[in-house]
Amino acid sequence: IPRIDYTNGEPSILLEPQRQNEVTYSQDFTQGVWNKNNVTVTSNQAISPEGIQNADKVVINNGNHNLNGGLYVQRIGVINQDVSFSIFAKAGEFRYGTISYGSSNANGFNFDLQDGVILSTFTAGSGNYTNIGYEMIPYPNGWYRLIVKTTELKANNRFIGIRPHNTIPTGTSNNYNSTGDGTSGIFIYGGQIEVGSYSTSLIHTSGSAVTRSADAANNAGNSDLFNDSEGVFYTELKRFDNDSAFCALSINDGTTNNKVSYKYRNTDNLLIASVASGGTTTDISHTFNDISEYNKIALKYKQNDFALYVNGNVVGSSTSGNAPSGLKTLEFKEVTIENYAGNVKSVMVFKEALTDLELEKL
């Protein structure tokens with residue numbers, strides 16, 4: 001059963017790689033794995049992004065406190081490992097807060113949950129980490145997913161967490177004073193730490209780390225649905241943050257000898273459109289401005305007539321090559337190349353080579 005993603009307001013199939021949520025309690029922040037430094041957490045205080053009352057509230061204890069730490073989990077870094085930390089947050093009595101990965105030297109940002117903006121960022125020095133990026137993604141009903149992406153450079157103990165603020169945090173450190181009354185704070189939900197250069201959808205945990213298997217969408221169609229001599233392979237999709245893993249989607253005969261495919265390599269924003277006939281391949285390459293945005297792609301194939309269209313414009317062509325034979329299956333991979341990872345709004349296969357005008361309109 002495919003997972004459908006409505007984050008951008010329009011449905012798309014969500015195809016993600018295998019990931020593990022290292023946080024053993026993703027929703028219940030009252031558990032001991034979540035350390036509390038001058039903050040208190042109360043369970044089930046608001047409707048979460050999943051539509052039930054299981055979001056917690058984190059408040060600053062009464063008085064003026066140094067909030068280095070706040071609500072946090074600990075993790076031992078692995079050298080040269082990409083890590084993404086994410087958590088959902090919503091304004092309560094307080095609208096400001098800080099999310100950070102690290103200890104006194106950390107990567108992170110200060111945010112405003114009312115205006116939905118990142119106020120300022122800070123990056124660790126001393127060779128602790130390399131910053132990959134920050135995100136603040138809006139969700140319905142005032143929720144935001146906050147994300148910090150980091151490459152570890154040392155095998156040290158890390159403090160990873162979030163804390164509310166009663167005033168706008170300033171400066172370039174993750175260490176601030178904040179005043180609380182014991183009841184005011186922000187709402188939180190869905191904490192996740194995963195190995196990778198970007199965050200995937202929330203993996204629920206309740207006592208242990210949980211691994212979600214990679215999504216696979218393969219073996220669709222049969223030989224009656226495809227025309228070997230000519231056709232168009234069309235899709236509208238986006239990848240995750242220039243993910244460097246090899247992946248593909250294709251029509252093929254069960255081998256790589258006869259295929260029509262889109263291949264993504266470990267080069268930023270690069271796509272290779274490929275047609276193979278009897279093991280001889282015609283390739284057309286294109287480099288996108290941003291492969292993590294939706295693009296409409298169409299590959300036309302016909303004897304000595306190949307063209308690649310991106311968002312209505314021809315970006316490459318070839319007048320030499322043969323059409324494939326024996327096409328019998330559509331799959332979000334290319335036989336031995338890894339499953340495609342990203343969002344897919346549409347996939348269509350046409351049994352004829354469309355005209356230039358039809359491809360522009362498509």
Side-chain angles (χ1 to χ4, degrees), residues 1-5 11-18 212-240 243 245-266 270-286 291 294-310 316-318 321-354 358-359 362:
I1 299 174
R3 294 189 294 148
I4 308 300
D5 183 0
S12 62
I13 296 175
L14 179 62
L15 300 166
E16 294 182 308
Q18 178 174 300
R212 179 186 56 229
S213 299
D215 295 305
N218 301 315
N219 303 317
N222 54 56
S223 58
D224 295 335
L225 297 178
F226 308 113
N227 184 354
D228 294 342
S229 61
E230 65 177 83
V232 172
F233 186 20
Y234 168 87
T235 186
E236 182 179 0
L237 46 70
K238 69 173 183 177
R239 295 211 63 203
F240 299 125
D243 182 8
F246 285 27
C247 70
L249 58 161
S250 69
I251 316 165
N252 60 66
D253 67 350
T255 74
T256 57
N257 290 330
N258 291 281
K259 62 168 186 178
V260 182
S261 71
Y262 297 115
K263 296 185 291 186
Y264 295 89
R265 299 300 196 183
N266 58 345
L270 177 66
L271 169 71
I272 301 174
S274 181
V275 179
S277 176
T280 301
T281 302
T282 301
D283 289 338
I284 303 173
S285 299
H286 176 67
I291 214 166
Y294 278 108
N295 290 283
K296 297 179 180 181
I297 309 167
L299 175 59
K300 177 181 69 172
Y301 60 94
K302 189 178 181 180
Q303 185 80 16
N304 297 324
D305 184 9
F306 305 90
L308 178 64
Y309 280 76
V310 174
S317 62
S318 175
N322 298 320
S325 62
L327 301 179
K328 65 180 183 180
T329 186
L330 165 68
E331 55 186 9
F332 286 79
K333 62 185 298 185
E334 186 194 284
V335 186
T336 58
I337 295 180
E338 294 295 325
N339 292 338
Y340 176 79
N343 289 79
V344 182
K345 282 188 179 181
S346 175
V347 175
M348 293 187 283
V349 178
F350 296 84
K351 284 184 148 184
E352 60 181 349
L354 302 179
E358 288 172 329
L359 287 165
L362 181 63

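Heads up: numbering here begins at 1 and tracks the sequence. All values below come from the heavy atoms of this structure, side chains included, with hydrogens, waters and symmetry mates left out.
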Single hit among V260, T235, I251 for side-chain contact (heavy atoms from CB on, under 4.5 Å) with L299
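Result: among V260, T235, I251, V260 is the only option passing the side-chain contact (heavy atoms from CB on, under 4.5 Å) with L299.
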
To the nearest 0.5 angstrom, please state how far the [atom1] atom of [X] sits from the [atom2] atom of [Y].
X    : Y    : atom1 : atom2 : value
D228 : N258 : CG    : CG    : 7.5 Å
K263 : F246 : NZ    : CZ    : 9.5 Å
K333 : E338 : NZ    : CD    : 7.5 Å
Y301 : I284 : OH    : CD1   : 13.5 Å
E230 : Q303 : CD    : CD    : 11.0 Å
I297 : Y294 : CD1   : OH    : 12.5 Å

Does some side-chain heavy atom of [Y] sit less than 4.5 Å from a side-chain heavy atom of [X]?
X    : Y    : answer
L354 : K300 : no
F350 : L362 : yes
L271 : Y264 : yes
F233 : V347 : yes
D215 : N339 : no
L237 : L249 : yes
D253 : P324 : no

So, does [X] use its side chain to make a donor-acceptor pair with the main chain of [Y] at under 3.5 Å?
X    : Y    : result
S277 : A323 : yes
N218 : F332 : yes
D283 : S274 : no

_Ring centres under 6.0 angstrom apart (Y262, Y340)_ = no

Of the non-hydrogen atoms in [X] and [Y], which two are nearest, and what is the gap between them?
X    : Y    : result
E331 : N252 : OE2-ND2, 2.9 Å
A298 : V232 : CB-CG1, 4.1 Å
R239 : A341 : NE-O, 3.5 Å
N257 : T255 : N-OG1, 3.0 Å
L225 : K351 : O-CE, 3.4 Å
A217 : L15  : CB-CD2, 4.2 Å

Report task. Verify whether one side chain among N343 and S12 offers a donor that lies under 3.5 Å from an acceptor in the other. Result ->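 Side-chain D/A pair, N343 to S12: present.
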
Counting neighbours of [atom1] on [X] that are heavy atoms of other residues, nucleotides or ligands and sit closer than 6.0 Å, is the number greater than 12?
X    : atom1 : value
K302 : NZ    : no
K345 : NZ    : yes
E236 : CD    : yes

Exercise. Report the C-alpha distance between I4 and I13 in whole Å, list the side-chain angles of each, state the deciding distance to 0.1 Å, and finish with yes or no for side chain to side chain contact (heavy atoms under 4.5 Å, CB included).
Key: CA-CA 5 Å; I4 308 300; I13 296 175; 4.2 Å; yes

